[in-house]
Every structure is written in structure tokens, then in C-alpha cells.
Engineer: 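The structure under discussion is supplied below as C-alpha cells; questions concerning it will follow.
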Amino acid sequence: MRKAMRKTMPEAKLGGQFTFPGTSLTVQRIGYGAMQLAGPGAWGPPKDPDGAIAVLREAVAAGVNHIDTADYYGPHITNQIIRKALHPYPSELVIVTKLGAVRPPDKSWRPAISPQELAAGVHDNLRNLGLDALDIVNYRAMGAIHGPADESIAEQMTVLADLRREGLIRNIGLSNVTAAQVAEAQAITGIVCVQNNYNLAQRRDDALIDDLARQGIPYVPFFPLGGFTPLQSSTLSEVAGRLGANPMQVALAWLLHRSPNILLIPGTSSVAHLRENLAAGQLTLSPQILAELGGIAAADVAH
Ligand SMILES: NC(=O)c1ccc[n+]([C@@H]2O[C@H](COP(=O)([O-])OP(=O)(O)OC[C@H]3O[C@@H](n4cnc5c(N)ncnc54)[C@H](OP(=O)(O)O)[C@@H]3O)[C@@H](O)[C@H]2O)c1
């Protein structure tokens with residue numbers, strides 16, 4: 001039903017398309033991550049609220065139809081900016097949000113994983129985004145920002161599956177999880193995407209990406225450019241120079257080449273950087289360049 005309403009996009013644009021498994025949600029492979037739209041450290045309002053709105057509108061005008069967010073960015077502020085910039089939303093836009101954390105006044109990131117906290121998180125997202133139901137909700141297991149902890153997430157998956165039955169959530173994904181946690185979740189409910197920390201220098205999930213590809217499940221790297229400390233590598237800079245591109249574009253193009261199930265959500269607060277990032281889909285990397293870039297993680301990369 002919804003698919004019929006969606007505008008068709010040229011296959012090759014923004015890295016081509018991918019459909020979340022078992023859904024009619026088809027997105028371009030290059031999307032946008034909204035965390036950088038809040039103030040520094042994903043806290044408080046942005047310095048330039050009009051600039052934040054301009055980034056979102058430019059992304060959607062360029063064909064981006066996959067936006068990643070969380071109500072704990074700001075907190076609440078990022079979702080409110082998305083609503084102000086884009087509501088009523090285009091029918092083809094897929095907003096993916098996350099549950100599992102809150103930001104107390106000390107600006108820390110605290111787990112919020114009880115049934116009551118998860119339900120409250122859904123309602124916060126619905127209210128601040130101005131939606132009746134959330135297309136995709138990732139359960140963000142806390143662990144640490146740079147690595148998941150292998151603890152059971154069965155209780156939280158059961159709560160999310162109940163919220164889906166109530167109609168508040170349409171699809172469930174996972175974030176910051178191990179392969180064992182993915183398997184545990186899949187025994188309880190269908191999983192439509194996995195969002196973990198992965199980039200040219202952080203390759204811990206190589207085997208998981210390949211396994212998800214075999215299952216037709218998208219892998220969505222967070223920190224695709226290195227996150228709060230963008231990637232720095234002499235190999236990356238040198239390759240970018242040879243290609244007449246900038247290093248961030250090459251880092252994104254490498255992810256697109258790495259596996260067809262990788263979807264990108266690079267974050268930026270800058271329209272100029274957004275344009276650069278969207279153009280990464282036009283870069284073709286030769287097998288020789290891919291081999292050079294593939295060696296970066298093994299080298300001692302400043303990241
Ligand atoms: N699931 C999770 O736990 C989790 C954790 C973190 C993030 N996320 C999601 O993943 C998304 C992406 O991660 P991220 O935003 O933290 O990190 P990122 O995309 O790896 O990098 C963002 C950083 O790179 C800079 N940047 C972006 N494009 C650039 C360009 N073309 N040239 C130079 N610098 C550029 C940005 O600064 P400017 O603003 O100056 O461009 C910002 O400092 C987030 O927005 C969020 O939606 C999820």
C-alpha cells in the first residue's frame with residue numbers, strides 16, 4: 001500500500017537502493033544521520049538552528065529518504081528540528097529512531113531499558129517527531145560507545161515486539177550489538193537492520209556484515225567517518241588526492257563498496273559537507289584502491 005505511494009528514484013542515485021527485509025520500505029543507500037544537528041556532544045540546541053533545518057531540507061531535496069535519529073539527541077531537540085524542517089513528511093521518507101538511553105542533566109548517557117522506559121521512549125519519539133507510528137526503532141544496547149557487551153537483550157526485545165503489536169512501532173532493529181545478541185533477538189522477533197560502530201579503521205564487525213548480507217539485512221555503520229574524531233590516515237588522504245576527492249568521500253565510498261547491504265548515515269551540521277557526502281555515491285574504487293584502503297585498519301591509524 002505504502003509502496004505504491006512512494007516516488008521511484010533512479011537506481012544509481014545515492015548509492016542505489018535497498019529494501020528493509022519483510023517491509024515495503026525502500027531507501028537510497030546514502031542517507032543522513034541527524035545526531036550532529038543538536039549542540040556539541042549531542043546536547044542542547046544547535047548554534048545555528050536555521051542551518052540545521054537547511055541541512056535536512058537539502059538532504060531530502062537531494063533524494064535522501066533515510067534519516068537516523070534518537071529522541072535522546074538534544075535530548076528531544078534533534079527530533080523537534082526534524083519535525084520543524086520536514087513535517088508533513090514525504091511518503092518515501094523512512095525515519096529510523098533508537099531506544100535504550102536517556103540524557104540526564106549531567107549530559108551523561110544512561111541506559112533506559114525497563115519496559116516503562118522503553119514505552120516512554122516510544123511516546124517521546126512519536127510526540128517530538130509528530131508521528132502516529134514509528135517506521136523502524138532500533139534497540140540500542142548500552143555496552144560502551146565503542147563496543148557492545150554480550151548480555152541478554154531478550155526482555156527488551158519482548159517489550160519492543162509487544163509495542164509493535166500495539167501498532168506504535170512498525171519494525172524493529174538493533175544497535176551496538178554482538179552477533180550473539182542479533183541471534184538472540186531474531187529468535188524473538190524479526191530484525192530489519194543492525195546499526196553498529198564500523199568504518200575504515202574499525203573493522204570488528206566484518207564477519208557480522210557478511211552474515212547479515214546473506215540474510216538480506218542491512219548493516220548501518222554509525223561513526224562511518226570516525227564520529228566525534230573524524231578518521232585520519234595518510235593512506236586515505238593519499239588515495240583521495242589521487243582520485244580528486246576528499247578523504248571523507250573516499251571513506252564513504254569504501255563502505256558502499258564493502259558490502260551491498262551497507263546503508264550510510266553520515267552525520268554533518270554543514271550543507272557543504274552534506275553535498276560532499278552525498279556525492280560519494282559517484283566514486284568508483286578500483287580493486288587496487290580497495291586493497292590499499294582495506295589495509296588501513298591493520299595499520300596504526302590515528303582515529
Ligand atoms: N547507534 C548509536 O549508538 C550511534 C552512535 C553514534 C551515532 N549514531 C548515528 O550515526 C550517525 C553518524 O555518526 P556521527 O554523526 O556521530 O559520526 P560520523 O558521521 O562518522 O562523523 C561526523 C563528523 O564528521 C564531520 N563531517 C561530516 N562530513 C564531513 C565532510 N564531508 N568533511 C569533513 N568532515 C565531515 C562532521 O562535522 P561537521 O558537522 O562539521 O560536518 C562530524 O564531526 C549519527 O548522526 C547518528 O544518527 C548512532
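In this text, all values refer to a predicted model and were calculated from it rather than measured experimentally. Atoms within each ligand, like the ligands themselves, are counted from 1 in listed order.
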Engineer: Where on H273 is there a heavy atom closer than 4.0 Å to ligand 1, on the side chain, on the backbone, on both, or on neither?
Structural biologist: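 For H273, the contact with ligand 1 is made by both the backbone and the side chain.
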Engineer: Find out if a path of hydrophobic residues (ILVMFWY) with successive side-chain heavy-atom gaps under 4.5 Å connects M157 to L208.
Structural biologist: yes
Engineer: What part of M35, side chain, backbone, both or neither, has a heavy atom within less than 4.0 angstrom of ligand 1?
Structural biologist: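 Both backbone and side chain of M35 come within 4.0 Å of ligand 1.
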Engineer: Counting only heavy atoms closer than 4.0 Å, does ligand 1 sit against the backbone of T69, its side chain, both, or neither?
Structural biologist: neither
Engineer: I265: heavy atom below 4.0 Å from ligand 1, yes or no?
Structural biologist: yes
Engineer: Given R140, M248, Q36, K98, which has its nearest heavy atom closest to atom 32 (N) of ligand 1?
Structural biologist: M248
Engineer: Please check whether P230 reaches ligand 1 - meaning an N/O of the residue sits under 3.5 Å from an N/O of the ligand, judged on distance alone.
Structural biologist: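 Looking only at distances, the answer is no, because the N/O contact criterion of under 3.5 Å is not met.
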Engineer: Any side-chain heavy-atom pair from L256 and I30 closer than 4.5 angstrom?
Structural biologist: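 Side-chain contact under 4.5 Å: yes.
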Engineer: Does P266, backbone or side chain, put an N or O under 3.5 Å from an N or O of ligand 1?
Structural biologist: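 Among all N and O atoms of P266, none is under 3.5 Å from an N or O of ligand 1.
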Engineer: Can you list the ligand 1 atoms lying under 4.0 Å from a non-hydrogen atom of D68?
Structural biologist: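 Answer for ligand 1: 9 (C), 46 (C), 47 (O).
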Engineer: Using a 3.5 Å distance criterion without hydrogens, assess whether the side chain of K98 forms a donor-acceptor pair with backbone atoms of T69.
Structural biologist: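 A pair under 3.5 Å: yes.
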Engineer: Taking N199 for its side chain and F223 for its backbone only, find out whether a donor-acceptor pair lies under 3.5 Å.
Structural biologist: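 Confirmed, N199 side chain pairs with F223 backbone.
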Engineer: Return the option from F228, F222, F223 holding the heavy atom at the smallest distance from atom 2 (C) of ligand 1.
Structural biologist: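 Ranked by closest heavy atom to atom 2 (C) of ligand 1, first place is F222.
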Engineer: Enumerate the atoms of ligand 1 whose separation from the nearest heavy atom of T268 is less than 4.0 angstrom.
Structural biologist: 27 (C), 38 (P), 39 (O), 41 (O)
Engineer: Give the atoms of ligand 1, by number and element, whose distance to some non-hydrogen atom of S269 is under 4.0 Å.
Structural biologist: 38 (P), 39 (O), 41 (O)
Engineer: So for Y73, does at least one of its heavy atoms come nearer than 4.0 angstrom to any atom of ligand 1?
Structural biologist: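 Y73 counts as a contact of ligand 1 under the 4.0 Å cut-off.
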Engineer: Can you list every pair that meets ring pair (Phe, Tyr, Trp, His ring centres under 6.0 Å) and has a residue in residues 13-67, with sequence neighbours left out?
Structural biologist: F20-H66
Engineer: At a non-hydrogen distance cut-off of under 4.0 Å, which region of P224 contacts ligand 1 (side chain, backbone, both, or neither)?
Structural biologist: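 Both parts.
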Engineer: Using a 4.0 Å cut-off to any heavy atom of G226, which atoms of ligand 1 qualify?
Structural biologist: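 The atoms of ligand 1 under 4.0 Å from a heavy atom of G226 are 20 (O).
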Engineer: What pair of heavy atoms forms the shortest contact from M248 to L231, and how long is it?
Structural biologist: CE-O, 3.6 Å
Engineer: I want to confirm something. Looking only at heavy atoms, which of A70, G267, A279 is nearest to atom 25 (C) of ligand 1?
Structural biologist: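 Answer by nearest heavy atom: G267.
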Engineer: Scan side-chain atoms only and decide if Y72 and R140 contain a donor-acceptor pair under the 3.5 Å cut-off.
Structural biologist: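 Side chains of Y72 and R140: no pair found under 3.5 Å.
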Engineer: Does the distance from a Lys or Arg side-chain N to an Asp or Glu carboxylate O, for D210 and R258, drop under 4.0 Å?
Structural biologist: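 Salt bridge: yes.
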Engineer: Is a donor from one side chain sitting under 3.5 angstrom from an acceptor on the other, for T97 and N125?
Structural biologist: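 Side-chain D/A pair, T97 to N125: present.
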Engineer: Quick one: side chains of residues 186-194, donor-acceptor pairs under 3.5 Å with protein atoms, not counting sequence neighbours, listed by atom name and distance.
Structural biologist:
unit_1	atom_1	unit_2	atom_2	d
Q186	NE2	Q215	OE1	2.9
T189	OG1	R164	NH1	3.3
T189	OG1	R164	NH2	2.5

Engineer: Out of all atoms in ligand 1, which are within 4.0 Å of some heavy atom of A34? Include the element for each.
Structural biologist: 45 (O), 47 (O)
Engineer: Which atoms of ligand 1 have any heavy atom of S175 under 4.0 Å away?
Structural biologist: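 Atoms satisfying the 4.0 Å criterion: 1 (N), 2 (C), 3 (O).
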Engineer: With atoms numbered from 1 as shown, which atoms in ligand 1 lie under 4.0 angstrom from a non-hydrogen atom of Q195?
Structural biologist: 1 (N), 2 (C), 4 (C), 8 (N), 9 (C), 48 (C)
Engineer: Linking I/L/V/M/F/W/Y whenever their side-chain heavy atoms sit closer than 4.5 Å, directly or via other members, would L290 and Y198 fall into one cluster?
Structural biologist: yes
